[in-house]
Amino acid sequence: MYDAIYVKHEHRTVLPDLESAEHGVVMRFAPNPSGPLHIGHARAAVLNDAYVKQYGGRYILRIEDTDPKRVDPKAYEMVKEDIGWLGLGITETVTQSERLPLYYDLCRQLIEKGGAYVCTCDNEHFRELKQAKTACPCRDQPVEKNLNLWEKMLDHTLKEGEVTVRIRTDLNHPDPAMRDFPAFRILDTPPHPKVKAHVYPLMNFSVVADDHLLGVTHVIRGKDHIANTRRQRYIYDHFGWKVPVYRHYGRMGIEGVVLSTSQMRLGINEGKFTGWDDIRLGTLRALARRGISPDAVKNAVLAIGIGDTDISFSWDNLYAENKKIVDPVANRYFFVPDPVTAQIDGAKPHTAHAMLHPGDAARGTRTLAFEGTVLLPGREITPDVTMIRLKDLFNVKITWNGSIPTFSYAGDSLAEARATKAHIIQWLPGQESVHCTILTQEGEMSGACEPRVKEELGKVVQFERVGFVKIDAVDNDGVRAYFTHT
RNA sequence: GCUGCUAUAGUGUAGUCCGGCCAAUCAUGCGGGCCUUUCACGCCCGCGACUGGGGUUCGAAUCCCCAUAGCAGCACCA
């Protein structure tokens with residue numbers, strides 16, 4: 001009884017309900033194939049995906065490639081790879097460049113209905129008229145003339161820059177962005193990589209056409225589309241179509257990375273970045289390369305939700321999500337940064353058995369054989385340090401002669417090490433280790449790691465007292481890893 | 001400039017629609033402690049916010065107004 005009263009104060013952890021979704025939804029993710037997907041795309045993709053999963057229905061991937069200037073032929077494949085990595089429940093895929101005839105047909109219908117006209121005014125001139133809330137001469141020409149001009153567009157009698165199909169809206173609308181916005185234009189260059197065409201719809205037209213044709217019921221997109229939603233409503237009204245339910249979430253900035261595809265491309269071309277998966281980039285493939293799990297991205301994005309406030313995406317929150325996923329599965333190994341070789345006097349050969357995972361003994365151990373010398377992290381061996389414990393091995397006493405340390409065996413007792421507050425540090429057998437480079441977003445960390453790390457290629461492991469890393473490459477020179485997070 | 005949207009701790013978020021249970025949730029971060037053969041994980045304690053000002057009301061994070069700030073759009077991009 002009281003529970004019901006206090007329910008209001010519970011922390012809601014699921015996304016808010018969508019209206020009119022009780023009987024299932026049809027939603028879509030509609031990227032422009034100009035490059036691989038980044039975190040910004042992931043928000044749209046994951047949010048829509050989550051709602052489709054919640055209510056049931058179809059989830060359409062729609063490739064919006066109606067502007068040949070903004071199409072990178074390689075992006076079609078990259079987008080699909082990224083979606084596969086995210087594990088979205090896409091049920092069907094359509095590509096807009098393959099649907100041009102559908103748009104042409106609808107455009108003709110719209111012209112016949114008087115909802116659109118073919119404008120031959122100069123752009124600058126039209127813009128001035130628009131600002132002045134004045135109709136251009138083409139606006140009132142008869143349907144027949146519009147149809148005739150439309151034919152001339154299609155048969156290419158008219159050339160790029162000479163005509164624009166406009167949607168008839170309201171010239172007195174207080175927002176100039178709403179007034180008779182464009183729907184089609186001619187583009188001769190560059191050629192479209194997928195289709196031979198010269199008449200292309202603008203986003204507002206093709207989106208409405210497809211949302212209607214595909215039966216889209218709900219649209220979740222960024223608030224940069226709010227004005228488009230308003231414009232698109234005019235097209236729905238002209239056709240008498242049912243308008244989907246819209247939700248617009250706020251802008252998302254990300255600390256420290258560029259999200260603009262064109263900026264990233266520029267950086268890659270200039271050699272500033274190594275490629276689309278350069279770990280300094282916010283692309284999904286960069287995150288994957290660094291060992292971020294797709295589920296971590298999903299969880300982080302869902303936690304943000306669909307609020308319409310502008311937010312800044314925090315790496316901390318993503319890392320926390322990722323750690324929850326990766327910590328239980330990552331094997332533990334020793335990595336010694338800036339290694340120094342130390343001979344341990346008075347120590348007999350020992351064999352250390354260290355657990356692959358402290359919380360899962362069943363996973364077994366790794367074996368490290370001590371035969372007289374060890375590699376130690378140089379930074380930890382400073383003159384104020386007189387006793388250390390090599391983890392899973394034994395205690396070592398350090399005596400300093402000026403700045404020259406001498407290492408000697410000091411017993412196996414863990415209790416003793418604790419009593420002296422000796423640091424327990426990671427180490428490697430002097431006779432057996434492999435070179436290892438860890439690449440972080442800030443730079444490189446050089447050191448050595450256990451040979452067995454070579455078997456973890458492609459996986460995320462934890463270097464004890466260093467952090468989680470993804471093993472990116474293994475060769476004769478050693479191991480290259482990307483730093484994931486601490 | 002015009003049009004519109006938004007405003008809760010360092011970050012994200014719940015609560016705002018339908019005012020009282022909110023001395024404001026949860027997570028992350030940070031500080032401290034415990035546990036531990038990792039500076040990880042886990043556990044405990046703590047820090048930290050309703051943008052400002054008016055108004056309505058017995059009562060405002062919640063409703064109204066103004067201010068301020070941020071954002072978006074005003075493309076033959078999506």
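Fair warning: this is a prediction, and the values are worked out from it, not measured in the lab.
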Asks: Need one value for Asn317(A): base, sugar-phosphate or nothing, where a base atom within 4.0 Å counts as base even if backbone is also close, heavy atoms only.
Replies: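 Since a base atom lies under 4.0 Å of Asn317(A), the category is base.
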Asks: Suppose we screen for side-chain hydrogen bond (donor to acceptor under 3.5 Å, both in side chains). Which residues come up paired with Arg265(A), at least two apart in sequence or across chains?
Replies: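 Counting only residues at least two positions away or on another chain, Arg265(A) forms a side-chain hydrogen bond (donor to acceptor under 3.5 Å, both in side chains) with Asp72(A).
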Asks: Can you list the residues that meet the side chain to side chain contact (heavy atoms under 4.5 Å, CB included) rule with Glu255(A), with sequence neighbours excluded?
Replies: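 Partners of Glu255(A) by the side chain to side chain contact (heavy atoms under 4.5 Å, CB included) criterion, ordered by chain and then number, come out as Ser314(A), Trp315(A).
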Asks: Would you please indicate yes or no on a ring centroid separation below 6.0 angstrom for Phe468(A) and Phe463(A)?
Replies: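 No, ring centres 6.0 Å or more apart.
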Asks: Do side-chain atoms of Thr420(A) reach the backbone of Glu416(A) as a donor and acceptor pair under 3.5 angstrom?
Replies: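 Indeed, once roles are kept as given, a pair shorter than 3.5 Å links the two residues.
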Asks: Counting the atoms with a prime plus P, OP1 and OP2 as sugar-phosphate, which does Asn204(A) contact under 4.0 Å by heavy atoms, base, sugar-phosphate, or nothing?
Replies: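 Nothing: the residue Asn204(A), judged by heavy atoms under 4.0 Å, touches no strand.
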Asks: Just to be sure I understand the rule, does Pro31(A) reach a base, reach only the sugar-phosphate, or reach nothing, if contact means heavy atoms closer than 4.0 Å?
Replies: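 No contact.
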Asks: Polar pairs (N or O, both sides) under 3.5 Å between protein and nucleotides 2-7 of chain B?
Replies:
| from | atom 1 | to | atom 2 | distance (Å) |
| --- | --- | --- | --- | --- |
| C2(B) | O2' | Pro174(A) | O | 3.1 |
| G4(B) | O2' | Arg230(A) | NH2 | 3.4 |

Asks: Kindly write out the residues that satisfy side chain to side chain contact (heavy atoms under 4.5 Å, CB included) with Asn322(A), not counting sequence neighbours, or none if the list is empty.
Replies: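 Expected list: Ile292(A), Ser293(A), Ala296(A), Val326(A), Thr484(A), His485(A).
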Asks: Write down the protein N/O and nucleotide N/O pairs, taken from nucleotides 67-69 of chain B, whose separation is under 3.5 Å; answer none if there are no such pairs.
Replies:
none

Asks: Please write out each protein N/O paired with an N/O of nucleotides 45-52 of chain B under 3.5 Å, distance rounded to 0.1 Å.
Replies:
none

Asks: Is any side-chain nitrogen or oxygen of Arg251(A) closer than 4.0 Å to OP1 or OP2 of A72(B)?
Replies: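 True: Arg251(A) side-chain N/O within range (under 4.0 Å) of A72(B) OP1/OP2.
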Asks: Over all strands shown, is Glu162(A) touching base, sugar-phosphate only, or nothing at heavy-atom distances under 4.0 angstrom?
Replies: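 Nothing: the residue Glu162(A), judged by heavy atoms under 4.0 Å, touches no strand.
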